[in-house]
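In what follows, a structure is listed as structure tokens, so that the remarks can point back to it.
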Amino acid sequence: MVLNKKQHDTPARTVTLPVSQPSQRLPGDPEFPTPGGPMIHSANTGQPITHPLGSKARVLLCSVFGPYAQNDEYGSRSINPMELYHNQVTRTHGPFSLRMFHRSWGLMLIQANLSASCTLLDFPVLKRFIEEISTEKYDVIGIGAIMPNVGKVQEMCRLIRLHQPNATIVIGGHIANMPTLPKRIDADHIVRGEGVRWFQRFLGEPDDRPFRHPMIMSGIGARTMGVTLSEKPGDVAATLIPSVGCPIGCNFCSTSAMFGGKGRFINFYETGDELFEVMLELERTLKINSFFVMDENFLLHRKRALRLLELMEEHNKSWALYVFSSANVLKSYSIEQLVALGISWVWMGLEGKSSKYAKLSGTDTLELVKMLQSHGVRVLGSTIIGMEEHTPDNIDIAIDYAVSHDTEFHQFMLYTPIPGTPLWEEMRNSGALTDPQSREACDSHGQLRFNFTHPNLKDGVETEMLVRAFTRDFDVNGPSVLRVARTTLAGYKRYRKHPDLRIRKRFQQEAADLASVYAGGIWAARRWFADQPQVRDRLAGVLNDLYKVCGLKSRLLAPLIGRYLYSKIKQEDTRLKTGWTYEPPTFYELNELARKTHDPIQSKSPAGQWIPPLPTLAQPAAT
């Protein structure tokens, strides 16, 4: 369940469902097509229903319970931790892997846009979840999840029925597209698509209000090389969510499918002026100067992006933006525009050599990546292993092609049909799916094995091929966290004397740690990789460039910091080899009305700081 900027354009029909009768259904209503099971809603279509208590209902929003990075009876897998980078990007980097967590942003957005009493319990352990539902009465309990966590959602629904039999259970997120979900869980509503507007209508609240953006720090508990990274103001980006969905609509993309598919998307902020106001408030409240822009293809909305650039120039903002973008959309901007807009980091789909996807048509991604890096733009490339054309004979060519991009980070994922996507429908119709009922959803996450019969890759060879890709990228290009130094240095060298102070200031901000932390990190890594000449020599080259640009300071600090980091790397390596895993903390946040109605219980984990979301700055967009 996530957001919605689109207005509901049909007359409202209110259907009252007694909370004490969660199984009551409306046969024949096109919005609720599953007799005897949960009502299935498409968030942006159909007639709304309302809870009998309306905005007086007390709401609990919750992510699935942990722990996450270990095998258990509910479907958690050690290979599938609650960490984006360590899961899919730096998986084989050992002590150099970038470790961090990201909050459940969709749930935070829903909470920020409800007037009703709303509590958010994010990353609870099972005991903590049981404690909450057994000590506080809720009228509505919403759970957001992805498909591999269906076992946990099933157990949470069972526990809610046990402890809160009168509560209405709402399930959302990517899991809502699982075709067998209504038969596997005891819930009242399954919401497909975005959830803010749906929840507003469900609680009888106005669904045409401008969106309030929550205060979100992009990463939590970041660590690498055995050291927890600084989280002081300015060191962590804010999360900014302008839109959801991607109109390009690649056939495998579950996010695009979730928000309408090819040709569709949902804007929360239509104009650059609206977005600029949100960014100003995030900057003021969170004391940040960079933004992780959670938008599938931010630069595709060209008018909005260029208006934002005008405002950044007018108000002298040296902001850095970390964005997702397709290659062809990137090419539609000049490098001068990208630099002026503060594009500092790009997550870009490379998919594979000779890719059939239109977003890469006619683009030399090797040349594009090299050009971006020469201007200080860090790149996270994404490559698919197991495309239809891959065979045991050509898979190494495909891997070598991906590795040759030498991006700062590289995501490798198995080609995976996800329920709700065109690829899933195509393979279901052809009979290629090996698990059409999603019975093994906990292992269908793109990091273990196929859930379909591949025409060329048999007997589970894809598991080793995926690890091979991660390993080769690491062995050839070295630790991702230190590749960043190379490109940051290139940008600083090019722009440190730029005539525009605004641009010059951003590159100075990004280069602030080159002479100290990065120099020490590279010094330590060069020692760690002493018996791997290719990586060692690459690191030595970057360190020598740092010495030339940063001078005596870097020469003095590199060995001092480096010796400390080398000892921490050794400690981290030992911890990892003994099976240590990393789990996120629990967040317990109450909005303003919830704080007035909750009776604090000493055994509970402390409530997190509630930072009110942005005021309603913008006018709602036209339908």
Under a plain distance cut-off of 3.5 Å, with no hydrogens placed, do Ser243 and Arg304 share a side-chain donor-acceptor pair? yes

Distance under 6.0 Å and angle within 45° of the ring axis: does Lys152 meet both against Tyr74? no

I'd like to know if the side chain of Ser218 and the backbone of Ala237 have a donor-acceptor N/O pair within less than 3.5 Å. yes

Show, in sequence, the C-alpha distance, side-chain angles and deciding distance for Val150 and Ile175, and conclude whether the side chain to side chain contact (heavy atoms under 4.5 Å, CB included) test is met. CA-CA 7 Å; Val150 62; Ile175 195 173; 4.0 Å; yes

For the aromatic rings, using the six-membered ring if either is Trp, is the centroid distance between His213 and Phe211 under 6.0 Å? no

Before we go on, tell me: are the rings of Phe298 and Phe324 under 6.0 Å apart, centre to centre? no

Around Lys183, counting heavy atoms of other residues, nucleotides and ligands shown, do more than 12 lie under 6.0 Å from its NZ? no

Donor-acceptor pair, distance only, cut-off 3.5 Å: does the side chain of Asn394 make one with the backbone of Thr391? yes

Modelled atom types, side-chain donor and acceptor of His405 and His410, under 3.5 Å: no

Salt bridge Asp186-Arg158, side-chain N to carboxylate O under 4.0 Å: no

4.5 Å side-chain heavy-atom contact, Phe65 and Arg128: no

In terms of side-chain geometry, is the basic nitrogen of Arg77 or Asp72 positioned less than 4.0 Å from the acidic oxygen of its partner? no

Does the side chain to side chain contact (heavy atoms under 4.5 Å, CB included) test come out yes or no for Tyr85 and Leu380, once each step is laid out? CA-CA 11 Å; Tyr85 286 94; Leu380 192 158; 3.8 Å; yes

Using 0.5 Å steps for rounding, measure from the CG atom of Leu448 to the CG atom of Leu414. 8.0 Å

Quick one, His93 with Phe470, criterion ring pair (Phe, Tyr, Trp, His ring centres under 6.0 Å). Give me CA distance, side-chain angles, the key distance, then yes/no. CA-CA 8 Å; His93 291 208; Phe470 281 114; 8.0 Å; no

Scan Val89, Ile384, Thr90 and name whichever one has a side-chain contact (heavy atoms from CB on, under 4.5 Å) with Gln411. Val89

Is the Lys NZ or Arg CZ of Arg103 less than 6.0 Å from the centre of Phe587's six-membered ring, within 45° of the axis? yes

Check whether any side-chain N or O of Glu440 sits under 3.5 Å from a backbone N or O of Asp435 as a donor-acceptor pair, and report yes or no. no

Check the surroundings of atom CD in Glu367: do more than 12 heavy atoms from other residues, nucleotides or ligands lie under 6.0 Å from it? no

Ring centre gap for His454 and Tyr415 strictly below 6.0 Å: no

Find out whether Ile169 and Gln164 are in side-chain contact, i.e. whether some heavy atom of one side chain is under 4.5 Å from a heavy atom of the other. no

Step-by-step side chain to side chain contact (heavy atoms under 4.5 Å, CB included) determination, Asn477 to Val403: CA-CA 8 Å; Asn477 296 320; Val403 170; 3.5 Å; yes

Can a donor-acceptor pair be found, under 3.5 Å and without considering hydrogens, that links the side chain of Gln70 to the backbone of Ser78? no

With no hydrogens and no angle check, is any side-chain donor or acceptor of Glu296 less than 3.5 Å from a backbone partner on Thr255? no

Is a salt bridge present between Asp473 and Arg91, judged by a nitrogen-to-oxygen distance below 4.0 Å? no

Assess whether ring pair (Phe, Tyr, Trp, His ring centres under 6.0 Å) is satisfied between Phe101 and Tyr582, documenting all intermediate values. CA-CA 9 Å; Phe101 306 103; Tyr582 199 27; 4.7 Å; yes

Using side-chain contact (heavy atoms from CB on, under 4.5 Å) as the criterion, point out the one residue from Ile133, Ile160, Val140 that pairs with Leu60. Ile133

Does Phe412 reach the side chain of Gln88, with side-chain heavy atoms less than 4.5 Å apart? no

Mind checking whether Asp188 and Val170 have side chains closer than 4.5 Å, heavy atoms only? no

Looking only at side-chain N and O atoms, does Asn451 offer a donor or acceptor that is under 3.5 Å from a partner on Thr434? no

Please lay out, stage by stage, how Asp207 and Arg201 fare under the test salt bridge (Lys or Arg N to Asp or Glu O under 4.0 Å). CA-CA 6 Å; Asp207 67 349; Arg201 294 192 294 268; 3.4 Å; yes

Could you check, using the six-membered ring where one of them is a Trp, whether Phe292 and Tyr322 have ring centers closer than 6.0 angstrom? no

Residues Arg449, Asp459: salt bridge by 4.0 Å N-O rule: no

Start with the C-alpha distance between Glu132 and Tyr138, add both sets of side-chain angles, then the distance that settles side-chain hydrogen bond (donor to acceptor under 3.5 Å, both in side chains), and finish with yes or no. CA-CA 10 Å; Glu132 184 67 21; Tyr138 292 101; 2.4 Å; yes

Nearest 0.5 Å please: distance from the OG atom of Ser332 over to the CZ atom of Arg302. 5.0 Å

Does this structure show an ion pair linking Arg468 with Asp475, if we count only N-O contacts that are shorter than 4.0 Å? no

Output for pair (Trp345 CH2, Ser325 OG), nearest 0.5 Å, gives 11.5 Å

